[in-house]
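Here's the structure we're looking at; comments come further down.
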Number of protein chains: 2
Amino acid sequence: MKKDKRYYETKASEAEYLAWYKTQDWGSYDKPAMTVDNLIFGFDPSDEQLKILLIERKAHPFKGKFALVGGFVEPTESAKAAALRETTEETGVRITDNRQMWQIGAFTDPKRDPRQWIISIAHATFLYPFVSPQAGDDALQAKWFTITHTAENELAFKHPDETVTLDDLAFDHKAIVLATFKRIKESLDVTPDILRVLGETFISTDALVVLKHFDTKFEDYSTGNFVKTYVKNNPILMDTGLFEQNPQKPGRPKKILRFRS
Amino acid sequence: MKKDKRYYETKASEAEYLAWYKTQDWGSYDKPAMTVDNLIFGFDPSDEQLKILLIERKAHPFKGKFALVGGFVEPTESAKAAALRETTEETGVRITDNRQMWQIGAFTDPKRDPRQWIISIAHATFLYPFVSPQAGDDALQAKWFTITHTAENELAFKHPDETVTLDDLAFDHKAIVLATFKRIKESLDVTPDILRVLGETFISTDALVVLKHFDTKFEDYSTGNFVKTYVKNNPILMDTGLFEQNPQKPGRPKKILRFRS
DNA sequence: CAAATAGTGTCTCTAAGACAATATACA
DNA sequence: TGTATATTGTCTTAGAGACACTATTTG
């Protein structure tokens, strides 16, 4: 008697089932292509601004539009590994700290890509050190854009040459950006990992520049109150007790703050 | 001269590009199968306990183990639509409020499924009303398990017949459950959507039963302090000013609380 | 020594949380 | 009338945030 599907699924051993499974043809099942998109944040020390990395698309679809760094996931890697790989390809920086990259979520609308069924796993990366982007394999050039907020409190990304609004972005990257900013904002009290763009140690004024993009309450903070109410008793951040050496600017020496680990 | 890939990608119109794209064979690209897994929470009014819905697997792989409600995503639906569909199939309840279902994230380790490359988009559902599970298509029976915490503060799920620990779960569902509890806990101040298992209106004692599973601070709350410090000034919750009618138990009438919308 | 900048000290006020007192319903 | 249960009221205290003052560096 021929052994059937039901036999392997419920009667056979798991090893026997798996051996049978691999002999079957599952090609008729529809599957989506899987990509990752990565919203890479960096803090430019030259002008002390928080920036994001965008790519100008040279090919269809969305030719001429700007997009997040992204690419296809290989069958041997997780989505996070793919996002890490793409980040290194684009910047040369090899992220090793898990807390510098978050998964934001899966974007799975079957019509999000005009070509075919392509889902994307969105990530946010808090890059450090800050580097100039490298030319990618696909010859698409990436540029750092300063994050700004319009009068209507909408995001816009500025480069000396041009300004990019959320509606100028390719695919559903507007939704990805909004979800990322929302997540960072909501997580600020639990873990202010966005500050990892500043490196292991940092000063309060730079931290405030970064945090103001995510919560307006930081606009009113003096640096003193910031350290008192946000850094002290923060399970993630701490005051080193040290002060910055060799400042290039006038003013009182700056406290050095850091992540606890 | 034959028009090549480069022509369509960079010279042609987008419509022309898409028409060409569909004529190409992309079958050689590796793609993952996509599933959803859904951690369904419910509040059983008969014993006033927070419960989750688990399925006992009757077939390989992980035969005999318990698992979250899940299934494959169709090419015409988003992951959320698939999770909603599976929820209705399993419970008969049709969730219409977006806030009753969250996406937790994508689980994409290529070895998470022993059969082949199968990723899963995890969801959490705050089911209401509470109903007995229906027999699914695949004749797997679902059961409600009470959420408990061991002395080591580890989760365990209890049914009159049996106890299920996190390590008893199929696939990487342990990681999905942990990520879900973490997310709910971290979001508690932003949006206590887990309370939607109680319905539109609810009383403080039931809310505390639910919230205690996610933050130990609620163990020390009196119901009075709970309303004062958590419900009042909460942008999501409010006090209706009304009191419960026709109580079956002795005691002072209970305040009726509710979601603001 | 003036300007710039950020840390330090002080004060006010709100709100969290502990706990006692009170209100309502059942038996 | 006693018991169960939850609300209401009171008190204490910690900490958020405003703001004035002080310390350090540049030029």
Side-chain angles (χ1 to χ4, degrees), chain A residues 43 45-49 185 188-190 192 195 198 201-212 214-258, chain B residues 43 45-49 185 188-190 192 195 198 201-212 214-258:
Chain A
F43 185 81
S46 73
D47 60 0
E48 294 171 302
Q49 291 293 315
K185 176 187 166 83
L188 235 37
D189 289 327
V190 178
L195 294 179
L198 301 174
T201 64
F202 53 89
I203 59 175
S204 62
T205 40
D206 286 350
L208 281 171
V209 166
V210 172
L211 293 173
K212 277 171 186 168
F214 301 96
D215 196 328
T216 53
K217 82 170 181 186
F218 293 108
E219 290 172 7
D220 304 323
Y221 272 38
S222 69
T223 55
N225 278 347
F226 169 70
V227 174
K228 241 191 306 184
T229 70
Y230 196 78
V231 179
K232 294 250 167 68
N233 299 325
N234 189 315
I236 314 289
L237 303 178
M238 61 180 287
D239 181 352
T240 61
L242 304 174
F243 291 85
E244 201 179 45
Q245 303 297 323
N246 305 327
Q248 307 296 342
K249 294 178 185 170
R252 193 165 171 168
K254 303 157 183 36
K255 264 173 148 28
I256 298 180
L257 312 173
R258 70 173 179 87
Chain B
F43 185 80
S46 73
D47 59 0
E48 294 170 302
Q49 292 292 316
K185 176 187 166 84
L188 234 37
D189 289 327
V190 179
L195 294 179
L198 301 175
T201 63
F202 53 88
I203 60 175
S204 62
T205 40
D206 286 349
L208 280 171
V209 166
V210 172
L211 293 173
K212 278 171 186 168
F214 300 96
D215 196 329
T216 52
K217 83 171 180 186
F218 293 107
E219 290 171 8
D220 304 325
Y221 272 38
S222 69
T223 55
N225 278 347
F226 169 72
V227 174
K228 241 190 309 183
T229 69
Y230 196 78
V231 178
K232 295 247 170 69
N233 299 324
N234 188 316
I236 315 288
L237 304 178
M238 61 180 287
D239 181 352
T240 61
L242 304 174
F243 291 85
E244 200 180 46
Q245 303 296 323
N246 306 326
Q248 307 295 346
K249 293 178 185 169
R252 192 165 172 167
K254 304 158 183 30
K255 263 173 149 23
I256 298 179
L257 311 173
R258 70 173 179 87

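A, B, ... follow the sequence lines: proteins, then strands. Residue 1 opens every chain.
- Of the candidates D/dT22, D/dG9, C/dA25, C/dA25 carries the atom nearest the B/Pro253 side chain, counting heavy atoms from C-beta on.
- Here the P atom of nucleotide C/dT8 and the CG atom of A/Asn225 are 12 Å apart, to the nearest Å.
- Within the 3.5 Å criterion, the main-chain N or O of A/Tyr230 finds a donor-acceptor partner in the side chain of A/Asn234.
- Candidate nucleotides D/dA23, C/dG17, D/dG17 were compared by shortest atom distance to the side chain of B/Lys228, and C/dG17 ranks first.
- Atom CG in A/Leu242 sits roughly 13 Å away from atom P in C/dG7 (whole-Å rounding).
- Two residues, A/Ser222 and A/Gln248, neighbour DNA chain D, and the one matched to the more 5' nucleotide by heavy-atom proximity is A/Ser222.
- Rounded to whole angstrom, the span from the OH atom of B/Tyr221 across to the C1' atom of D/dA6 amounts to 17 Å.
- Remark: B/Ser204 is not in phosphate contact with D/dA6, judged by side-chain N or O atoms under 4.0 Å from OP1 or OP2.
- Considering only the side chain of A/Asp220, D/dA18 comes nearest among C/dC19, D/dA18, D/dT7.
- Within a 6.0 Å radius of CD in A/Glu219, other residues, nucleotides and ligands contribute more than 12 heavy atoms.
- In the set D/dT7, C/dA16, D/dG17, C/dA16 carries the atom at the smallest distance from any side-chain atom of B/Thr229.
- Listed nucleotides D/dC19, C/dT8, D/dT7 differ in distance to B/Thr223; the shortest reach to its side chain belongs to D/dT7.
- Surrounding CG of B/Asp47 are more than 12 heavy atoms belonging to other residues, nucleotides or ligands, all under 6.0 Å away.
- Atom P of nucleotide D/dG9 and atom NZ of B/Lys232 are separated by 10 Å, given to the nearest angstrom.
- Nearest approach of A/Phe202 to A/Arg258, heavy atoms of both residues: CE2-CA, 3.9 Å.
- As judged by a 4.0 angstrom heavy-atom cut-off over every strand, A/Lys249 is placed among residues touching the sugar-phosphate backbone only.
- In this structure, CZ of A/Phe226 is placed 14 Å from C1' of D/dA16, rounded to the nearest angstrom.
- C/dA6 atom C1' lies 16 Å from atom CZ of A/Phe202, rounded to whole Å.
- Among the nucleotides D/dT7, D/dT24, C/dC26, the one closest to the side chain of A/Arg252 is D/dT24.
- Straight-line distance from the CD1 atom of A/Ile203 to the P atom of D/dT24: 18 Å, rounded to whole Å.
- Along DNA chain C, the nucleotide nearest A/Phe243 and the nucleotide nearest A/Pro250 are compared for position; the residue whose nucleotide lies closer to the 5' end is A/Pro250.
- Each of D/dT8, C/dT8, D/dT5 was ranked by its minimum atom distance to the side chain of B/Lys254; first place goes to D/dT5.
- In this structure, B/Thr240 contributes its side chain and B/Ile256 its backbone to a donor-acceptor pair below 3.5 Å.
- Look at CG on B/Leu257: it is 13 Å from P on D/dA6, rounded to the nearest Å.
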